[in-house]
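See structure below.
The sequence lines fix the lettering, A, B, ..., with proteins before strands; numbering per chain opens at 1.
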Amino acid sequence: MSGTIKVLNVAEKPSVAKSVSGLLSRNQGLRVREGRSRYNKIFEFNYSIRGQPCQMLFTSVTGHLMELEFEDRFRKWHSCDPGDLYHAPVRKFVPEDKLDIKRTLEEEARRCQWLVLWLDCDREGENIAFEVIEVCRAVKRNLTIRRARFSALIEREIHHATQNLVDPNQWFSDAVDARQEIDLRIGASFTRFQTMLLRDKFVIDSATDDRNLVLSYGPCQFPTLGFVVERYWEVQSHEPEEFWTINCSHKSDEGVATFNWMRGHLFDYTCAVIVYEMCVQEPNATVTKVQHQEKLKYPPYPLSTIELEKRASRYFRMSSEHTMKVAEDLYQAGFISYPRTETDSFSSRTDLHAIVQEQQEHPEWGSYAQRLLDPETGLWRNPGSGGHDDKAHPPIHPTKFSAGEHGWSQDHRKLYELVVRHFLACVSQPAVGAETIVEIDIAGELFSASGRMILERNYLDVYRYESWGASMIPTYTVGQQFTPTSLTLDTGVTRPPPLLSEADLLSCMDKAGIGTDATMHDHIKKLLDRFYATKDSNTRFSPTNLGEALVMGYDDMGYELWKPNLRSMMEFDMKQVSVGNKSKDEVLATCLQQMKACFLDARLNKVKLLEAMAVFFERSNRAVGGDNYTAGEVVRQCNLCQESSMVLKKNREGNFMVGCSGFPQCRNAIWLPGSILEAAVTSNICTSCNPGPVNLIQFKFRQIEIPPGFNANHLGCIGGCDDTLRQLIEICGTGSRMSARGRGPTTTSSNVPRSSNHGVCIHCQQTGHSSNDCPSQFSRSRNSRSRVNSQNGEPSVSCSTCDTPCVLRTANTENNRGRKFYSCPSQECNFFIWEDDLNNGNGRSIPRSTANRSASNSSRRGGRGRVGRNGSRAADTTFVSATGDPVSNRCYVCGDPSHFANVCPNRGM
DNA sequence: GCAAGGTC
């Protein structure tokens, strides 16, 4: 056709390509052919856009076409310091399983003059649109690119969108680019860090093979875990409190009314008894109020994904993940509408009657559908609006009648039934009830009773998952008096809140904006897959030891990395990008800078994570990589094999080395002095060693094992430039050689009492005390006196601080080579004395550094107001002993301890 | 082996 242009149209999913093609072509002259991907067909038809004849080619992608990843040299876990992942280069690429879609787009784009994007009209859709643009433009630079904006797959809407094409929105896409990059960098850095830090140090029994265990961190999965842990702590810290309440009943010819005390309950037994005795002394009841009112119980809003998941969990105990799988099946087979939607209100253009009409033949709910369509019943009501609209999909509703298909599982049947009944309920009148509330006065105390009569069931007839109880009470009139049939003082005990159910968890996530309707169930499943949480048969979640330890560790650092605030802040920034208030680069720079600082700080405080893990798990003796060393942080790229990284490692005896992570293929190793107590890779880079970067290591030496004149704290480099480190290796030997000589770990302290009741201290790896009491964590004042003993003619020196016999050693420094000195073997003492100074009492001790001491727990904890693991109760309530003895005798009206409530002057005011 | 987001 002369003047006809070819237009390539691309939708986000095959179903939309099919629907839009059908609507635009009105199924006239619609042809379909295969693309390179088996799922993404190509539809062809003729159409006219604003008078321009077009040959339309309509195909689709399947969600995102591209992935974001680090460049290859950063992808191996040991290839770099996880802290580097905040600035490591990333690239966007089409993964292997999407290459066939990419080829289809390239082939079709070459033949076309226009590209029209029909991706979903949300931020992710806009980003996918730009992915499609990138692929198509690469093969055809002069493509005219237009965007179709539509909010429902309805004929009029689609025609309107086609005739009113707009430009794609770069801001929307930028917001997603920023989100992707932030998620990747945060997720990968924290995941690598905590996995490498913890996995091999503890026996994590939840996993069958904990060598492959990944302790992932993600900005969505961790807050989800946080919800579970927080509720669990709330339950654990609950202390039951006994309370008292007064119940009253009245039986007449018409039936029984149960009156509830309008004070609810009291925690103070004395007060309750006083009030009760007053009532018993004057038990005559006077009716003070009789109120009749009509009550409506409304049907639910149209069904969104989250509501579907919550209701399937509540009604059928189906997991959200399984619900989505079944819903996807039903959608693919055409029985229900698109199942991933936030929308909970129907467009006024939706033909709701037509949907009901389809269901008229069903043996169970067909007659209800008929009643709905009969105007005389008055049952129809236009559905309410839940106030959410994702502008892309309608609420979930039935799209095809079925009385049950062959091959459907019970769950398919149940879910289809739920979707249909929910839809029918939405377009129904609310249930109507008549409620009566009666209030009485006994000795000045008020009690109330209520009864309900169901007048019209309406939607409840079809929505059998909900009920509305009816209860009858006798007729009362104001002023009527009677004597109660019973008046009792009853006791009860407060109970903790229940563990979070799956529906609760979804609500928490929804409220805090964690995940999307399409991903929330994934985050919940991830908690189970990662062994962070378990779900009981009642769909209630508890954290595992692992999950609780991780949250506890970060919590003890004082970070809210496990709370939803981080995600909320990110979402806020993304919103700013999407409306053009901030640029993508600006948000990326700020957010990543903050997160990197947080990451580095968390790594400095890693002892908190280790401590929290030690609460739940045994220390592991496992060797890593066959070299008996526990892998740690990356120091530099291996200069031997050029492939892997040189990693700081520590063995069971506490000796350090820097070895190639490619061991045993690459055996490059630098053995470090045996006198190292602690070593940690820092983010500081050596300015002189090449090839760089070489990260500096913060060493802490055991003072007694290094000669005088050397500082116990040393920021060193293993790249070859560090003379101090080289001297100490020469003087003290390396950990490997010391071990070979059969030297026991020098951390053994003869003056620290050992007890089998303790585990191994996190700080010093010793038994006999907990990490809280670890002497290595506290500085002490020291004197500089020593005691010299003589035994068997041999001089012996005792430490001035702990009285432990000192060890005679030989210095090997340039200035003091061969000079003998005594030093205390205890790591908590830094005492040493030159042998030739023994007689003049020149013993010295060098003050320990306190730089590495972590901040006080208590100050942080107090400031955060956490629902504590330590237990808490309201300050204004009073405990009553198990025998019921009151512990408070203040007036409950005014609080005055000088009188009881029955004589309180303020009573009745 | 890491995230979260699309989707088959």
request  = Take A:Glu328 and A:Arg192, find for each the nucleotide of DNA chain B with the closest heavy atom, and name the residue whose nucleotide sits nearer the 5' end.
outcome  = A:Arg192
task = Identify which nucleotide among B:dG1, B:dT7, B:dG6 has an atom closest to any side-chain atom of A:Lys98, counting heavy atoms from C-beta outward.
result = B:dG6
message = Over all strands shown, is A:Arg123 touching base, sugar-phosphate only, or nothing at heavy-atom distances under 4.0 angstrom?
response = nothing
message = For A:Pro14 and A:Glu181, find the nucleotide of DNA chain B closest to each by heavy atoms; which residue's nucleotide sits nearer the 5' end?
response = A:Glu181
inquiry  = Under 4.0 Å from OP1 or OP2 of B:dG5: is there any side-chain N or O of A:His523 that close?
reply    = yes
note = From CG of A:Asp122 across to C1' of B:dG5 the rounded distance in Å is 10 Å
task = Determine the contact category for A:Thr195: base if any of its heavy atoms lies under 4.0 Å from a base atom, sugar-phosphate if only primed atoms, P, OP1 or OP2 are that close, otherwise nothing.
result = base
message = As a test of reading the structure: which of B:dC2, B:dT7, B:dG5 is closest to the side chain of A:Arg530, going by heavy atoms?
response = B:dC2
key: Proximity to the side chain of A:Ser216 - top-ranked nucleotide from B:dG6, B:dC2, B:dA4   = B:dC2
ask   = What is the nucleic acid contact for A:Phe190, judged by heavy atoms within less than 4.0 Å: base, sugar-phosphate only, or nothing?
value = nothing
task = Have a look at A:Tyr86 and tell me which of A:Phe74, A:Phe70, A:Phe599, A:Phe193 forms a ring pair (Phe, Tyr, Trp, His ring centres under 6.0 Å) with it.
result = A:Phe599
inquiry  = Under the criterion side-chain hydrogen bond (donor to acceptor under 3.5 Å, both in side chains), I'd like the reasoning laid out for A:Glu108 against A:Thr59: C-alpha separation, chi angles, the key distance, then a yes or no.
reply    = CA-CA 9 Å; A:Glu108 302 304 326; A:Thr59 188; over 6 Å; no
inquiry  = Can you identify which nucleotide, out of B:dG1, B:dA4, B:dG6, has its nearest atom closest to the A:Arg567 side chain?
reply    = B:dA4
ask   = Is there a donor-acceptor contact under 3.5 Å linking the side chains of A:Glu502 and A:His521?
value = no
key: Nucleotide nearest A:Tyr338 when distance is taken to its side chain, options B:dG6, B:dC2, B:dA4   = B:dG6
query = Base, sugar-phosphate, or nothing: which does A:Leu184 touch, judged by heavy atoms less than 4.0 Å apart?
reply = base
ask   = Among B:dT7, B:dG6, B:dG5, which nucleotide sits nearest the side chain of A:Arg179?
value = B:dG5
query = Around A:Glu405, counting heavy atoms of other residues, nucleotides and ligands shown, do more than 12 lie under 6.0 Å from its CD?
reply = yes
inquiry  = Heavy atoms only, 4.0 Å cut-off, all strands: where does A:Lys325 land among base, sugar-phosphate and nothing?
reply    = nothing
task = Determine if A:Trp77 stacks with B:dG1; use a centre-to-centre distance below 5.5 Å and an interplanar angle below 30° as the criteria.
result = yes
message = Using a 4.0 Å heavy-atom cut-off, does A:Pro82 contact any base of the nucleic acid, only the sugar-phosphate backbone, or nothing at all?
response = nothing
query = Please give, in whole Å, the distance from B:dT7 P to A:Trp118 CH2?
reply = 17 Å
inquiry  = Side chain of A:Ala518 only, heavy atoms from C-beta on: which candidate in B:dG5, B:dG6, B:dG1 is closest?
reply    = B:dG6
inquiry  = Please confirm whether the shortest side-chain N or O distance from A:Thr519 to OP1 or OP2 of B:dG5 is below 4.0 Å.
reply    = yes
task = Send over the distance from A:Lys525 NZ to B:dA4 P, rounded to a whole Å.
result = 14 Å
request  = Name the nucleic acid region contacted by A:Gly125, choosing base, sugar-phosphate or nothing; use a 4.0 angstrom heavy-atom cut-off, strictly under.
outcome  = nothing
inquiry  = Tell me the interatomic distance from A:Glu124, atom CD, to B:dA3, atom C1', rounded to whole angstroms.
reply    = 13 Å
task = Using a heavy-atom cut-off of under 4.0 Å over every strand shown, decide if A:Arg38 touches base, sugar-phosphate, or nothing.
result = nothing
task = Verify the ring-centre separation between A:Tyr559 and A:Tyr554: is it less than 6.0 angstrom?
result = no
ask   = Is any side-chain N or O of A:Lys526 closer than 4.0 Å to OP1 or OP2 of B:dA3?
value = yes
task = Take the protein atom CD1 of A:Ile514 and the nucleotide atom C1' of B:dA4, then report the distance between them rounded to whole Å.
result = 12 Å
query = Which part of the nucleic acid, if any, lies within contact of A:Phe193, taking any heavy atom under 4.0 Å across all strands shown: a base, the sugar-phosphate backbone alone, or nothing?
reply = nothing
message = Do A:Asn40 and A:Ser60 pair up side chain to side chain, a donor and an acceptor below 3.5 Å, judged on atom types alone?
response = yes
ask   = Looking for any heavy atom pair under 4.0 Å, which part of the strands does A:Asp120 touch: base, sugar-phosphate only, or nothing?
value = sugar-phosphate
request  = Report the distance from atom CZ of A:Arg340 to atom P of B:dT7, rounded to the nearest whole Å.
outcome  = 5 Å
ask   = Does A:Gln221 make a side-chain donor-acceptor contact with the base of B:dC2, cut-off 3.5 Å?
value = no
query = If you draw the axis of the six-membered ring of A:Tyr338, does the NZ or CZ of A:Lys13 fall within 45° of it and under 6.0 Å from the ring centre?
reply = yes
query = Taking only N and O in the side chain of A:Thr191, is any of them less than 4.0 Å away from OP1 or OP2 of B:dG1?
reply = no
inquiry  = So A:Leu68, base contact, sugar-phosphate only, or nothing? Heavy-atom distance under 4.0 Å.
reply    = base
message = Can you tell me if A:Trp171 has over 12 outside heavy atoms packed within less than 6.0 Å of its CH2?
response = no
ask   = In whole angstrom, what separates A:Asn40's CG from B:dT7's P?
value = 13 Å
task = Report which part of the nucleic acid A:Glu69 touches: base, sugar-phosphate, or nothing (heavy-atom distance under 4.0 Å, all strands).
result = base
Length of the line joining A:Glu96:CD and B:dT7:P, which is rounded to integer Å = 23 Å
